[in-house]
Amino acid sequence: MSDTPKDLEGLRQRIDQLDSDIMRLISERAECARSVAETKTKDDPQAVFYRPEREAQVLRRIMELNDGPLDSEEMARLFREIMSACLALEQPIKVAYLGPEGTFTQQASLKHFGESAISLPMAAIDEVFREVEAGAVNYGVVPVENSTEGVINHTLDSFMDSSMRICGEVVLRIHHHLLVSDNTRRDKVSRIYSHPQSFAQCRKWLDAHYPQAERVPVSSNAEAARLVKTEWHSAAIAGDMAAKLYGLTRVAEKIEDRPDNSTRFLIIGNQDVPMSGDDKTSIVVAMRNQPGALHDLLEPFHRHQIDLTRLETRPSRSGVWNYVFFIDFKGHRDEPRVAAVLEEVQVRAAELKVLGSFPMGVL
């Protein structure tokens, strides 16, 4: 005879029933997704299955409807994985990201597309752009700015020569850990590997705890984690994915100097994204070298009350583009007031390129 109280046994039976109901409903959703795929391909053999604006709308709705006790973002993450698995039934998405495996960019890719997407690591940002342009993958994921260290210029420069469009964004909280292997003699650590940006983001902590250790910059935090596996006197600064991938142990957690340390990533593709209801637009503008050029560029945004979220300046690549400005602002290019501003900027600028309108990051 079981010693389990009747009320606990009743709760367990209730959970079992709920699990069965959840599984049945997920299967129904998957069948519905399969029917959507059949309908789309019947009308258009080249139909696009992944719709960034639709997914953003669904996740926002889930967060609005959630009454707890699970946090709204946690609930949205669960639905993100359900949607990813259902989409894989329609057509598995191939995504290129700045590698190697175990980087924060891979983590951003999984956060946005879910575990069911096929993720392929690339050695450089240029390669991510090339894979998308060639049609070898559907989308690419590249870092664009960090809240501590600023913009990633290589990504901005890649847009100047590319026809790729921005289809989405992901903001990832960055937590760095000091990692060691089973072979490491923790009291003898004399060398620390990491990416240069990670060293910069953990500078104060390292100065306080390992002032004498040699800081060796490498191409990625995942590479730093790999190197530590073969040495007894070294440690690495990396994140959770690299630690799990290489079986490393955390000596210290969350050693970044700023607790709000975040990196923003862009999703690049080759199609325009319709309005989702809460969107952002990115443009690159070349102005003529004359007094008041920046004022002339920004004045229409002020007059139409459009909120700028980012403004970056990059050196021109030719004599024609004396000043190149990368601008992010709230709104979609198909909205009347945004279209009016872009028309005015087109007249005032030497050149205007719309990089894309896309849903603002939900998760």
(message) Just verifying a value: how many Å separate L355 CG and S163 OG, rounded to the nearest 0.5 Å?
(response) 11.0 Å
(message) Can a donor-acceptor pair be found, under 3.5 Å and without considering hydrogens, that links the side chain of N221 to the backbone of H195?
(response) yes
(request) Look at atom CG of D67 and say whether more than 12 heavy atoms of other residues, nucleotides or ligands are closer to it than 6.0 Å. (result) no
(request) For residues P196 and P217, report the shortest heavy-atom separation together with the two atoms involved. (result) CG-CB, 3.9 Å
(message) Taking side chain to side chain contact (heavy atoms under 4.5 Å, CB included) as the criterion, tell me which of R333, E53, H332 meets it with M275.
(response) H332
(request) Indicate whether any N or O donor in one side chain lies under 3.5 Å from an N or O acceptor in the other, for E101 and Y246. (result) no
(message) Ignoring hydrogens and geometry beyond distance, is a side-chain donor-acceptor pair present between N66 and S72 at under 3.5 Å?
(response) yes
(request) Mark yes or no for whether D278, through its side chain, and M360, through its backbone, hold a donor-acceptor pair below 3.5 Å. (result) no
(message) Testing the basics here: between S262 and R173, what is the closest heavy-atom pair and its distance to 0.1 Å?
(response) OG-CD, 3.1 Å
(message) Is there a continuous path of hydrophobic side-chain contacts, each under 4.5 Å between heavy atoms, that joins V284 to I268?
(response) yes
(message) What I want to check is whether the side chains of S158 and T155 have a donor and an acceptor closer together than 3.5 Å.
(response) no
(request) Take K111 and L172 through the side-chain contact (heavy atoms from CB on, under 4.5 Å) test and state the conclusion after the steps. (result) CA-CA 9 Å; K111 180 179 180 181; L172 193 68; 3.9 Å; yes
(message) More than 12 heavy atoms of other residues, nucleotides or ligands under 6.0 Å from CD of E343: yes or no?
(response) no
(request) Measure the OG-CD1 distance between S27 and I22 for me, rounded to the nearest 0.5 Å. (result) 12.0 Å
(request) Report the C-alpha distance between L297 and V345 in whole Å, list the side-chain angles of each, state the deciding distance to 0.1 Å, and finish with yes or no for side-chain contact (heavy atoms from CB on, under 4.5 Å). (result) CA-CA 6 Å; L297 170 61; V345 171; 3.8 Å; yes
(request) Report yes or no: does R337 contribute a side-chain atom to a donor-acceptor pair with the main-chain N or O of G331 at less than 3.5 Å? (result) no
(message) Could you check whether any side-chain N or O of T230 sits under 3.5 Å from a backbone N or O of R226, counting only pairs where one atom can act as donor and the other as acceptor?
(response) no
(message) Taking V251 as the starting point, is it possible to reach V228 by hopping between hydrophobic residues whose side chains are less than 4.5 Å apart?
(response) no
(request) Test E31 against R34 for salt bridge (charged side-chain N to carboxylate O under 4.0 Å, His left out), laying out the working first. (result) CA-CA 5 Å; E31 286 294 342; R34 183 177 286 168; 3.6 Å; yes
(request) Working to the nearest 0.5 Å, report the span between CD of Q271 and CG of N138. (result) 8.5 Å
(message) Ignoring hydrogens, what is the shortest heavy-atom contact between R215 and Y210? Give both atom names and the distance.
(response) NH2-O, 4.1 Å
(message) Hydrophobic clusters here meaning ILVMFWY residues chained together by side-chain heavy-atom distances under 4.5 Å, can you tell me if V36 and V58 are in one?
(response) no
(message) Distance check, rounded to the nearest 0.5 Å: H304 atom NE2 versus E335 atom CD?
(response) 13.0 Å
(message) Does H302 have more than 12 heavy atoms from other residues, nucleotides or ligands lying within 6.0 Å of its NE2?
(response) no
(request) Give a yes or no on this: more than 12 heavy atoms of other residues, nucleotides or ligands lie within 6.0 Å of atom NZ of K40. (result) yes
(request) Give a yes or no on whether the backbone of E133 and the side-chain of N270 come within a donor-acceptor separation of less than 3.5 Å. (result) no
(message) Measuring from atom OG of S282 to atom CD1 of I327, what distance do you get when rounded to the nearest 0.5 angstrom?
(response) 10.0 Å
(request) Grab the two heavy atoms, one from V141 and one from V128, that are nearest each other, plus how far apart they are. (result) N-CG1, 3.9 Å
(request) State plainly whether one hydrophobic cluster holds both V362 and V95, where clusters connect Ile, Leu, Val, Met, Phe, Trp and Tyr through side-chain heavy atoms under 4.5 angstrom apart. (result) no
(request) Measure across L70 and L78 and return the closest heavy-atom pair with its distance rounded to 0.1 Å. (result) CD1-CD1, 4.0 Å
(message) Quick check against the 3.5 Å criterion: does K188 have a side-chain atom that pairs as donor or acceptor with the backbone of W232?
(response) no
(request) Decide yes or no for D279 and V273: does some side-chain heavy atom of the first lie under 4.5 Å from some side-chain heavy atom of the second? (result) no
(message) Can a donor-acceptor pair be found, under 3.5 Å and without considering hydrogens, that links the side chain of S234 to the backbone of R191?
(response) no
(message) Run the side-chain contact (heavy atoms from CB on, under 4.5 Å) test on K229 and L248 for me, step by step, so that the C-alpha distance in whole Å, both residues' side-chain angles and the decisive distance to 0.1 Å come before the verdict.
(response) CA-CA 8 Å; K229 290 288 290 183; L248 301 183; 3.5 Å; yes
(message) Membership question, hydrophobic clusters at under 4.5 Å side-chain separation (ILVMFWY): are M83 and L87 in the same one?
(response) no
(message) Taking the six-membered ring for Trp, are Y97 and F265 closer than 6.0 Å centroid to centroid?
(response) no
(request) Begin with the C-alpha distance, continue with both residues' side-chain angles, and end with the deciding distance and a verdict on side-chain contact (heavy atoms from CB on, under 4.5 Å) for M63 and E73. (result) CA-CA 7 Å; M63 295 175 75; E73 287 198 8; 3.7 Å; yes
(request) Measure from the side-chain N and O atoms of N261 to the backbone N and O of R258, and report whether any donor-acceptor pair falls under 3.5 Å. (result) no
(message) With a 3.5 Å distance limit and no angle check, can you tell me whether D19 reaches the backbone of Q17 through a side-chain donor-acceptor pair?
(response) no
(request) Could you tell me whether the side chain of L120 reaches within less than 4.5 Å of the side chain of E131, counting heavy atoms only? (result) no
(message) Taking salt bridge (charged side-chain N to carboxylate O under 4.0 Å, His left out) as the definition, give me every residue that meets it alongside E253, ordered by chain and number, with sequence neighbours left out.
(response) R250
(message) Just verifying a value: how many Å separate N146 CG and Q197 CD, rounded to the nearest 0.5 Å?
(response) 5.5 Å
(message) With a 4.5 Å cut-off on side-chain heavy atoms, are L178 and W205 touching?
(response) yes
(request) Please name the residue in the list H112, E115, E55 that meets the side-chain hydrogen bond (donor to acceptor under 3.5 Å, both in side chains) test with R80. (result) E55
(message) For F104 and H176, I'd like to know if the aromatic rings sit close, meaning centre-to-centre distance below 6.0 Å.
(response) yes
(request) Give the ring-plane orientation class for Y50 versus F113, where under 30° counts as parallel, over 60° as perpendicular and anything between as tilted. (result) tilted
(request) Please report the shortest heavy-atom distance between L98 and T103, naming the atom on each side. (result) O-OG1, 3.2 Å
(message) Between E299 and R303, does the salt bridge (charged side-chain N to carboxylate O under 4.0 Å, His left out) criterion hold? Intermediate values first, please.
(response) CA-CA 6 Å; E299 188 275 332; R303 180 160 31 88; 2.8 Å; yes
